[in-house]
Every structure is written in structure tokens, then in C-alpha cells.
Amino acid sequence: MIQYSVYYKAPHRHFLSFEAKFQVEGRERLRLQLPAWRPGRYELGNFSKNIRGWKAQDENGKVLNFQKVNKDLWEVHCNKSKLVVIQYEYYAAELNAGSTYLDLDLLYINPVNCFFYDEERIDSAFEIAFALPDSYRIACGLPAVSKFVLRAENFDQLADCPLIASATYRQLTYEVAETKFHICIQGEVTLNESRLIEEFSKFTSLHYEIFGSAPFKEYHFLFHFLPYFVRHGVEHNNSTVIAMGPAADFINEPQFLDLLGISCHELFHAWNIKSIRPIEMMPYDFTKENYSKLGYVAEGVTTYYGDYLLWRSGAFNDENWYEVLTETIQTHMDNYGRFNHSVADSSFDTWLDGYGPGIPWRKVSIYNEGCLLAMICDLQIRKSTGGKASLDTVMKRLFDDFGKTGKGYSEKDYRRLVDESAGTPLNNIFDHLVNGVADYYPYLENALALAGLRIEVTPSLKFSEAYLGIECDENASKATIQKVVPDSPADMAGLWVGDEVIAVNEIGIYKNFQNLMRMQSGAAKLSVMRKAKLKEIELKWTDQVWMKKYNVLPMSEITDDQKKFLNNWMTR
């Protein structure tokens, strides 16, 4: 067993101290690995940048030589010792759902950030003792040996069990299918707790309706409610950490519904990615990238169900659900990377350029496009089977065939289960949308029409977006270009991301860029600052619309078949 001690002296400095003891009798070298990434975020984390003061000694306190083999692998020369004791500090100054954080009132640890494992004995058990104020309590999915001592069966379990330690968190509990669900609320927030438990119980019950059983014995929602804006959740085997803010806003209905949405999303992950896992991540390799093209399943399907189950449970009304679909479609249509990089390739490349938009027109989002694909597949399966099967059927089979057996699934496996559930091959979806860059819009129109829904298309409200093809960040004296539509008038004129428009026809901008452009008759001279140089750019345009607004609405008249289909989608 690996014994860890965790303590701190000056929490305002954010340095967290660790001491770990590894049994090494008979070994010449001990290689200690810090994970290079964390599950739930498929990009390298470089956590070792937060470590200082790393040292090693034997059981008698004699200093042992060590060297770093790479950025997050240390090698200790054991020198015939029975025990290697390492000590180090971790800088814990960032608070989000995937980080580690320490201050005067809170200790939050995501163990995958800051705990080492023995490269040769990753299955060794861990016992972790925390030196904490007596008033503190620990909320965590790990079993407790005593008040401040936790135990993990192996590193995988340890890495996947974050904890909150404080004297101020509140604990709520509810039960579904004889399983206890704990809600830890850290931070100053006003919530309708009875409604929270009611809504959580409803969407949790739907998870059991889909999958039949759970891959955990109990489950923990760990919430950080913060006074500033943040929206971030990370999934784990029997818990999730969710950071949201501003905390004061959760008395409002939109923010409360958003809280339900992210919570339902993260709970769904306990099945989809923590249990049902791509073959490339079975098991996790913490030392390097775990490339997979299945992010559109792991994140996209989960994104779809995170909101869809709230509509199915009654937490969302029809208008709420249509707003979600509207936002997702709008985001897709505004991303011109959809012409260049498939969602499968974009999944593979999260390890390359992370979760930001990247360079212009390069890629799409495994969350957004994956969500649309999940909806298209769901509705197509329902159509093909007369409502007898759905994407629920696919997910249940994935859980039974792969999640419960500990096997990873491949793209071929997922595609086969979708086709079998539909009773017909859905080749167009996989060949053209998943692995290609075909236009999603006709598929979306046809899928939504099955349920009596239409997509209303109108010009963007801002003149520069609709007719020039540029999205701007406007302040008092300039309009900074954030996005350019391919082949639009702005693109053809040579405008580009980062350009700062400061005048139109020699009239300086002052909170009036849109109005100045509307005054022109199809042509204007823009004064543009580009990398500290002034440029004069001639811009011409017509009445062609380049950026549009998309809105999902009910059709004015729907058939009985469409009503039946919509009801099937909404209720099962």
C-alpha cells in the first residue's frame, strides 16, 4: 500500500504539501509517474508545472538521488533502501471543476492533478491521510477509513475521486432505485432545495429507465458555487464536480435550469465514457495522449441527453427544449470549420489544439456537432422503427455489451448498434456527417419535420453580420473583427480576424458602427488598424445575406402522425 500524507501551512499561498511512501525492497530504481492529462479533458494538462521542491529519501531520512526522465516522470535511485519517501509541493491556485485548489476556507483536490503512482505497480492500493482543521468534513466518492483518512483500491480509483474539504458545505441526499445520491453544496448560494431534489430525482430515474442499472453503488454531486462567472463540469466514476457562478444568479429560472442541465449531463457520463468507454481508452494511459475519433459519442450523445432528459422529465417545457435546439443549430451554422474538418477528426484533434475554436475555419465541436448527430440518429431510429426503438436502445446495448463487461467499444461497434437498432443502415449519417463535411442542414430539417418542427431562417440582426459577413466585438471607438464568413464581402475585401475598424468613410466610430454601415449604399471605405498599422480598405456589398439567424419552431399545422411522433420523442 502506498501511504500519502496531505497537509499545508499557509493556505493563502495556495501551496499544498504531499509526502508519499513507496515500498521498494529489492528494486534498484523507482519510477514515479504524474498523469499527463485528466479523464474528461482530452488534452495534455502538464500538471507537473505546478510542482516545486520535489525530493526523495529512504526510510532513515537519507537523501536519495533522482532525475526527471521527462516532463512528468521521476526516477529515484533506491540505493538498497526498503522504502522511498518523496515530498513535494503543489501550487493549487486555480478553482474550476478539474483543478486542485487551496485557500483559507477550502481544500479541493482532483487527485489526477497531483498524486504520483508507481509505474510498475499502478494497481497498488493508496491510503491518504489529511491534516485538516477539526471543523472540516470531507465529501468524496472514496471510502473513508476515518474522518480524515481515505482509501483507494488502485490509482485508477484514486485519480477518479475528487474531494471537497471544508467546514461550510451543505449536504443534501435523495434516493433512486435504492441508490443514494449526495449533493454537496460549497459556496454562498440560494437554491430551492426541495425543487432541486425533486428535479434531480426525476432525471436520475430516467437514467435508470434507459440503462436498467447503474455502474456505481452511490453517487456524489460536488458543487462549487462561485461569485464570478464560471460554468464547468467534470465527470467521474461515482461523482461529478461542477463549478458554476455567479452564485447569486441561481435564484433565477434560466440559471436554475442550466444547473439542472449540466448536472444531468455529468450524471449521464457515469454511464457514457466512465463505463461505456472507447477502446482506445480502455484502460486509460495516463502517460500520453489517448487518441479516439469517438468524442461525438462520448461528449455529443451526453450533451444531447443532458438537456433532452430534462424535456422528457418535465423540467423543460417545449419552449425550453426548442431554445436548446435553436442555440445548438445556430452554433453549428456559425462555425465555418464544418466545411473543413469532420466531427470524428475534430475529436482526434482535441489532443492537438484543445477545446478552443483554434485557427479560423478549421474544426467543429464534439459537443455541439455530436449533439446534433445524436438527435438525428435518435429521430431516424424512431422513424425507422415506428417509435419502438430509439437512441436509448443503442445506449442500453452499449452499456450491456461493453460497459458491464469492461470492454472498450470501437466506431464499428457503435455504428453496428445504431444500424441494428434502426433496422436499416444509416450510412449517410456516418459517411457524410460523422466522417465527412457534408451539410447538416437538410438532415436537421428532415429530422425535425418528423416531429412537426421547422427551422425559421432570417438575416442576422446586426447589419455587419448579415450583409458584410463579419462578427465584431464593438466598444466605444472601434469594432474588432472576431469572425469572417468565407467568400463574404468582408473576406473578398481583405478584412480579417483581429482587424480593428476605427472609421467609416472618414467618420470615427463611437458606439455606432452598425448604424454607420447601414447609412451607406453598398460601398464604404473602412479605416482599419492592423498590427499597429493603418489600412484603408474598400468594401462593397449587395443584399445577399451571409450570416443568418436560425430558430426552431412548431409548424403552423401538423399532422396526427407528427403529433404522435413528437409525443413519442418527448415521453420515451
Side-chain angles (χ1 to χ4, degrees), residues 1-6 18-42 45 47-48 51 54 56 59 66 69-70 72-78 81-86 88 90 100 109-130 140-146 149-163 215-218 220 234-239 270 273-290 292 402-409:
M1 178 176 290
I2 297 165
Q3 295 178 308
Y4 251 97
S5 298
V6 182
F18 294 83
E19 179 178 282
K21 298 176 181 179
F22 296 84
Q23 297 176 8
V24 294
E25 190 168 5
R27 298 166 65 181
E28 292 185 6
R29 289 176 174 81
L30 171 66
R31 289 164 66 92
L32 297 175
Q33 178 74 51
L34 187 72
W37 63 286
R38 60 174 178 81
R41 189 77 172 183
Y42 308 114
F47 306 126
S48 62
I51 287 178
W54 206 97
E59 66 273 17
F66 69 89
V69 178
N70 58 42
D72 40 39
L73 176 62
W74 279 252
E75 184 177 82
V76 181
H77 300 271
C78 299
S81 60
K82 296 180 180 179
L83 200 68
V84 168
V85 181
I86 65 167
Y88 57 94
Y90 188 90
T100 292
I109 294 181
N110 188 357
V112 76
N113 299 160
C114 50
F115 281 79
F116 286 84
Y117 64 88
D118 182 342
E119 184 184 61
E120 295 182 15
R121 300 176 182 174
I122 193 171
D123 290 329
S124 295
F126 284 75
E127 187 170 274
I128 308 103
F130 298 88
C140 183
L142 285 175
V145 177
S146 60
V149 179
L150 303 178
R151 181 170 291 173
E153 294 179 1
N154 51 46
F155 185 77
D156 274 335
Q157 186 186 23
L158 172 63
D160 216 35
C161 286
L163 66 93
F216 46 77
K217 294 181 179 179
E218 65 174 17
H220 300 259
V234 178
E235 67 273 13
H236 300 278
N237 280 332
N238 69 347
S239 66
I273 196 54
K274 300 312 301 180
S275 179
I276 304 165
R277 200 182 301 175
I279 195 169
E280 298 89 349
M281 298 181 185
M282 187 64 77
Y284 291 134
D285 183 343
F286 290 106
T287 68
K288 62 183 181 181
E289 298 92 334
N290 291 203
S292 172
F402 297 95
K404 290 181 179 179
T405 62
K407 297 190 301 182
Y409 72 97

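Note that the coordinates shown come from a computational prediction; the quantities given were computed from them, not determined experimentally.
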Handout entry: Q3 CD to F126 CZ distance, which is reported to the nearest 0.5 Å
Key = 11.5 Å
Practice task
Kindly indicate whether the side chain of V24, heavy atoms from C-beta on, has any atom under 4.5 Å from the side chain of E120.
Solution key: no
Exercise for the section: Might you work through the side chain to side chain contact (heavy atoms under 4.5 Å, CB included) test for W54 and I86, ending with a clear yes or no? Expected result: CA-CA 7 Å; W54 206 97; I86 65 167; 3.7 Å; yes
Practice task
Show the numbers, then the answer: is there a side chain to side chain contact (heavy atoms under 4.5 Å, CB included) between L142 and R151?
Solution key: CA-CA 6 Å; L142 285 175; R151 181 170 291 173; over 6 Å; no
Problem - Greater than 12 external heavy atoms within 6.0 Å of K404's NZ - result: yes
Practice task
Evaluate the side-chain proximity of F402 to I279: yes if any heavy-atom separation is below 4.5 Å, no if none is.
Solution key: no
Handout entry: Rounded distance (nearest 0.5 Å) linking atom SG of C140 with atom NE2 of H220
Key = 7.5 Å
Practice task
Test side chain to side chain contact (heavy atoms under 4.5 Å, CB included) on N113 and R38 and set out the steps.
Solution key: CA-CA 7 Å; N113 299 160; R38 60 174 178 81; 4.2 Å; yes
Exercise for the section: Measure centre to centre between the rings of F116 and F22, then say whether the value is under 6.0 Å. Expected result: no
Practice task
Output the distance between atom CH2 (W74) and atom CZ (R31), rounded to the nearest 0.5 Å.
Solution key: 13.0 Å
Practice task
Check whether any side-chain heavy atom of H77 lies under 4.5 Å from a side-chain heavy atom of E28, and answer yes or no.
Solution key: no
Handout entry: salt_bridge(K274, E235) N-O dist < 4.0 Å
Key = no
Practice task
Starting at CG of L32, measure out to CD of E119 and round the result to the nearest 0.5 Å.
Solution key: 9.0 Å
Practice task
Check whether any side-chain heavy atom of T100 lies under 4.5 Å from a side-chain heavy atom of F47, and answer yes or no.
Solution key: no
Problem - Residue from I2, L163, L158 passing side chain to side chain contact (heavy atoms under 4.5 Å, CB included) with I128 - result: L158
Practice task
To the nearest 0.5 angstrom, please state how far the CZ atom of F18 sits from the OH atom of Y90.
Solution key: 8.0 Å
Exercise for the section: Measure across S239 and P162 and return the closest heavy-atom pair with its distance rounded to 0.1 Å. Expected result: OG-CD, 3.7 Å
Problem - S275 (side chain) donor-acceptor with A270 (main chain) under 3.5 angstrom - result: no
Problem - Other residues, nucleotides, ligands: >12 heavy atoms within 6.0 Å of E19 CD - result: yes
Practice task
For the residue pair F155 and F286, categorise the inter-ring angle as parallel (less than 30°), tilted (30 to 60°) or perpendicular (more than 60°).
Solution key: perpendicular
Practice task
Decide yes or no for N237 and Q157: does some side-chain heavy atom of the first lie under 4.5 Å from some side-chain heavy atom of the second?
Solution key: no
Exercise for the section: Ignoring hydrogens and angles, state whether a donor on the side chain of S124 or D118 is under 3.5 Å from an acceptor on the partner side chain. Expected result: no
Exercise for the section: Please name the pair of heavy atoms, one in F115 and one in L34, separated by the smallest distance, quoted to 0.1 Å. Expected result: O-CD1, 3.6 Å
Exercise for the section: Without swapping roles, check the side chain of Y88 against the backbone of C114 for a donor-acceptor pair under 3.5 Å. Expected result: yes
Handout entry: Distance-minimising heavy-atom pair for M281 and S292
Key = CE-CB, 4.3 Å
Exercise for the section: Ignoring hydrogens and angles, tell me if any N or O in the side chain of W37 forms a donor-acceptor pair with the backbone of D285 under 3.5 Å. Expected result: yes
Practice task
With the side chain counted from C-beta on, respond yes when V234 and P39 share a heavy-atom pair under 4.5 Å apart, and no when they do not.
Solution key: no
Fill in the blank from the handout: Output for pair (D72 CG, K288 NZ), nearest 0.5 Å, gives 13.0 Å
Practice task
Verify, without hydrogens or angle tests, whether E59 (side chain) and K82 (backbone) share a donor-acceptor contact under 3.5 angstrom.
Solution key: yes
